[in-house]
K.L.:
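Okay, handing you the structure first.
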Amino acid sequence: MIRAQIRDGVLVAAFAPWTRPFVRRAEMRVPAAAIREMRLESDPQALATGMHAGLLVSGFIKVGTWTGLDGVRRLVCARRDSPGVRIVLAERIDNVDELVLSVPDAAGLQARVMGANA
């Protein structure tokens with residue numbers, strides 16, 4: 001669904017071809033220095049609340065952009081039974097305040113991002 005890696009101090013989240021119409025991009029690039037906070041999430045789908053544009057299969061998958069009542073825009077690519085990360089950005093990038101991503105090695109990704117931020 002998503003491949004996330006650090007390249008030259010930039011977090012690159014590459015989306016699977018079938019998800020691209022819902023997230024409206026092939027990839028999202030975020031400089032490690034622009035990441036304010038990164039947390040591991042056991043149920044990343046639960047973070048996607050509010051109005052949305054994208055794919056929602058209740059209890060199974062959420063892919064797209066969710067805007068909470070607080071105005072925070074989250075780019076979400078999360079599925080059931082898959083750990084993930086919540087990435088809070090220091091400032092809005094490409095009209096997104098946070099990324100919520102299901103990734104197989106969430107703890108490893110967090111360690112690599114924090115290492116790039118050091």
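Both backbone and side-chain heavy atoms feed into the values below; hydrogens, waters and symmetry mates do not.
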K.L.:
Nearest 0.5 angstrom please: Thr65 OG1 to Phe22 CZ, how far?
P.N.:
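Between atom OG1 of Thr65 and atom CZ of Phe22 there are 12.0 Å.
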K.L.:
Do NZ/NE/NH1/NH2 and the carboxylate oxygens of Asp97 and Arg73 come within less than 4.0 Å?
P.N.:
no
K.L.:
Under 4.5 Å between any side-chain heavy atoms of Leu99 and Leu89, yes or no?
P.N.:
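Sidechains of Leu89 and Leu99: in contact.
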K.L.:
Identify the heavy atoms of Ser102 and Pro44 that sit nearest to each other, and give their distance.
P.N.:
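Looking at all heavy atoms of both residues, the closest pair is OG-CG, 3.5 Å.
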K.L.:
Any side-chain heavy-atom pair from Met38 and Leu11 closer than 4.5 angstrom?
P.N.:
no
K.L.:
Please give the remaining members of the hydrophobic cluster of Val10, linking ILVMFWY side chains under 4.5 Å, ordered by chain and number.
P.N.:
Val12
K.L.:
Surrounding CZ of Arg20 (heavy atoms of other residues, nucleotides or ligands, distance under 6.0 Å), is the total greater than 12?
P.N.:
yes
K.L.:
Hydrophobic clusters here meaning ILVMFWY residues chained together by side-chain heavy-atom distances under 4.5 Å, can you tell me if Ile2 and Ile93 are in one?
P.N.:
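They do share one cluster, since a chain of ILVMFWY contacts under 4.5 Å joins Ile2 to Ile93.
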K.L.:
Rounded to the nearest 0.5 Å, what's the gap from CD1 on Ile87 to CD on Glu41? Could you check?
P.N.:
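Answer for the CD1-CD pair, Ile87 versus Glu41, is 11.0 Å.
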K.L.:
Do Val96 and Arg25 come close enough that some side-chain heavy atom pair is under 4.5 Å?
P.N.:
yes
K.L.:
According to a hydrophobic-cluster definition based on side-chain heavy atoms being under 4.5 Å apart (Ile, Leu, Val, Met, Phe, Trp, Tyr only), do Val30 and Leu40 belong together?
P.N.:
yes
K.L.:
Mark yes when over 12 heavy atoms from residues, nucleotides or ligands other than Glu91 sit less than 6.0 Å from its CD; otherwise mark no.
P.N.:
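Open: at most 12 neighbouring heavy atoms sit under 6.0 Å from CD of Glu91.
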K.L.:
Do Trp18 and Met28 share a hydrophobic cluster, counting only Ile, Leu, Val, Met, Phe, Trp and Tyr and linking them when any side-chain heavy atoms are less than 4.5 Å apart?
P.N.:
yes
K.L.:
Name each donor-acceptor pair under 3.5 Å that joins a side chain in residues 47-64 to protein atoms two or more places apart or in another chain, with its distance.
P.N.:
{"unit_1": "Lys62", "atom_1": "NZ", "unit_2": "Gln45", "atom_2": "O", "d": "3.2"}
{"unit_1": "Lys62", "atom_1": "NZ", "unit_2": "Ala48", "atom_2": "O", "d": "2.9"}

K.L.:
Spell out, yes or no, whether Val100 and Val85 are grouped together once hydrophobic residues are joined by side-chain heavy atoms under 4.5 Å, including indirect joins.
P.N.:
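In one cluster: no.
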K.L.:
Rounded to the nearest 0.5 Å, what separation is found between the CZ atom of Arg79 and the CG atom of Asp43?
P.N.:
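Spacing of CZ (Arg79) from CG (Asp43) equals 13.5 Å.
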K.L.:
Assess whether side chain to side chain contact (heavy atoms under 4.5 Å, CB included) is satisfied between Val72 and Thr67, documenting all intermediate values.
P.N.:
CA-CA 6 Å; Val72 174; Thr67 304; over 6 Å; no
K.L.:
Examine Trp66 and Leu101 and state if one hydrophobic cluster contains both, with Ile, Leu, Val, Met, Phe, Trp and Tyr joined whenever side-chain heavy atoms are less than 4.5 Å apart.
P.N.:
no
K.L.:
Tell me if the CG atom of Asn95 is crowded by more than 12 foreign heavy atoms within 6.0 Å.
P.N.:
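Counting other residues, nucleotides and ligands, CG of Asn95 exceeds 12 neighbours.
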K.L.:
Mark yes when over 12 heavy atoms from residues, nucleotides or ligands other than Arg92 sit less than 6.0 Å from its CZ; otherwise mark no.
P.N.:
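Count over threshold, so yes.
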K.L.:
Side chains of Val113 and Ile6: does their closest heavy-atom pair fall under 4.5 Å?
P.N.:
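Yes, close enough: below the 4.5 Å cut-off.
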K.L.:
Kindly write out the residues that satisfy salt bridge (charged side-chain N to carboxylate O under 4.0 Å, His left out) with Arg86, not counting sequence neighbours, or none if the list is empty.
P.N.:
Glu98
